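To start, the structure under review is shown below, and the notes come after it.
Predicted, not measured: the structure shown is a model, and the values here were computed from it.
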Amino acid sequence: MQTPAERHLIDKIIELLKNNSDVCRILNMGANKSVVVENDLEKNGLKFIDDRLDVVDCRVDLPFVENCFLSSAEDMKEVSNDNYEVVFSNYVLEHIPNISKAAVEIKRVLKPGGYFVASVSNPTAPEFKLAHVTPLWFHQLIKGKGAGYEAFETYYNYKNIKE
């Protein structure tokens, strides 16, 4: 089931790319194994090549996926400069210790005039306030074990929605 934020993220990417007749390069930052966003883009007839980036194995065997980078958003040295029309992240920024470094890297890999589209958790919502003070081991206990069930530290370097 999609969250309203994820639905809005997908709709925004579709809106940005729908009039582009060329094949667009997109980077899914924090991809893990999910292809929900990409499947929706494909269903809407968009032509794209999808590269993926995560700190865990994010490889998936789909025709539109080209590269999978094992890297943090703060140090994407394997990713080429000026390469993507769109970089997107869905509930990723709260897991990045240094947002400023990630912003510099995102700008570097975007083509001039490219877009960064992100959905973020609301740091003022009760469930996220609780998550912020709960130890990582507890998150992992709740999520379970094995690939795709990883829990990651939350930093909430943005303290409110405007940030």
Side-chain angles (χ1 to χ4, degrees), residues 1-20 22-60 62-69 71-74 76 79 82-128 131-132 139 143 148-163:
M1 183 169 173
Q2 291 176 337
T3 65
E6 185 175 48
R7 183 71 252 156
H8 185 73
L9 174 122
I10 294 166
D11 290 344
K12 193 61 165 172
I13 296 169
I14 291 168
E15 176 187 321
L16 293 170
L17 298 180
K18 69 181 173 190
N19 295 324
N20 196 334
D22 296 330
V23 174
C24 297
R25 289 196 77 89
I26 62 174
L27 178 65
N28 182 343
M29 193 174 78
N32 206 317
K33 299 285 186 186
S34 174
V35 290
V36 170
V37 175
E38 293 91 332
N39 284 338
D40 263 14
L41 298 179
E42 188 177 46
K43 284 179 194 168
N44 278 276
L46 295 177
K47 299 178 211 159
F48 64 94
I49 296 170
D50 182 41
D51 289 344
R52 303 164 67 71
L53 177 123
D54 209 322
V55 295
V56 297
D57 181 14
C58 58
R59 288 175 290 170
V60 293
L62 291 168
F64 49 76
V65 175
E66 189 167 277
N67 297 300
C68 296
F69 303 105
S71 175
S72 78
E74 300 153 307
M76 298 189 269
V79 183
D82 304 324
N83 201 32
Y84 299 98
E85 281 83 11
V86 174
V87 173
F88 68 89
S89 68
N90 187 28
Y91 292 120
V92 172
L93 297 180
E94 66 270 17
H95 300 290
I96 296 175
N98 190 325
I99 292 288
S100 295
K101 281 178 79 174
V104 168
E105 283 291 272
I106 292 164
K107 183 178 186 298
R108 178 183 67 77
V109 303
L110 276 169
K111 287 183 175 183
Y115 298 95
F116 176 55
V117 181
S119 60
V120 295
S121 56
N122 178 351
T124 63
E127 62 270 27
F128 294 108
H132 188 59
H139 291 253
K143 292 217 44 161
Y149 292 96
E150 298 87 352
F152 299 98
E153 194 69 55
T154 51
Y155 297 97
Y156 297 111
N157 288 317
Y158 52 91
K159 304 299 182 228
N160 58 52
I161 297 301
K162 281 189 175 185
E163 286 183 6

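Environment of CZ in F64: crowded, with over 12 heavy atoms of neighbouring residues, nucleotides or ligands closer than 6.0 Å.
Atom CG of residue L27 and atom CZ of residue F88 lie 8.0 Å apart, to the nearest 0.5 angstrom. From L41, atom CG reaches atom CD1 of I26 across 5.0 Å, with rounding to the nearest 0.5 Å. How far CE of M29 is from CG of L93: 5.5 Å, rounded to the nearest 0.5 Å. Remark: D82 CG to K107 NZ distance equals 8.5 Å, nearest 0.5 Å. Atom CD of E38 sits about 4.0 Å away from atom CG of D50, to the nearest 0.5 Å. Interatomic distance, C24 SG to K111 NZ, rounded to the nearest 0.5 Å: 8.0 Å.
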Checklist entry - Could you walk me through whether N83 and V109 pass the side chain to side chain contact (heavy atoms under 4.5 Å, CB included) check? => result CA-CA 6 Å; N83 201 32; V109 303; 5.5 Å; no
Next on the checklist: Using the rule given for side chain to side chain contact (heavy atoms under 4.5 Å, CB included), can you reason through N67 versus R25, listing the C-alpha separation, both sets of side-chain angles and the distance that settles it, and then say yes or no?
Outcome noted: CA-CA 11 Å; N67 297 300; R25 289 196 77 89; 3.5 Å; yes
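With R108 contributing its side chain and V79 its backbone, the two residues share a donor-acceptor pair below 3.5 Å. Side-chain atoms of D54 come within 3.5 Å of backbone N or O of N32 as a donor-acceptor pair. Formation of a donor-acceptor pair under 3.5 Å by the R52 side chain with backbone atoms of V35 is not found in this model. Put simply, the side chain of E105 gets close to the backbone of M76: a donor and an acceptor are under 3.5 Å apart.
No side-chain heavy atom of H8 sits under 4.5 Å from any side-chain heavy atom of S119. Side-chain contact between N44 and K18 is absent, with no heavy atoms from C-beta onward closer than 4.5 Å. Contact of the K33 side chain with the D57 side chain is registered, since non-hydrogen atoms from C-beta on lie closer than 4.5 Å.
Of all the heavy atoms in C58 and C68, the pair that sits closest is O-SG, 3.6 Å. Pairing each heavy atom of I96 with each of A102, the nearest pair is CG2-CB, 4.0 Å.
Residues E85 and N20 have side chains that never bring a donor and an acceptor to within less than 3.5 angstrom of each other.
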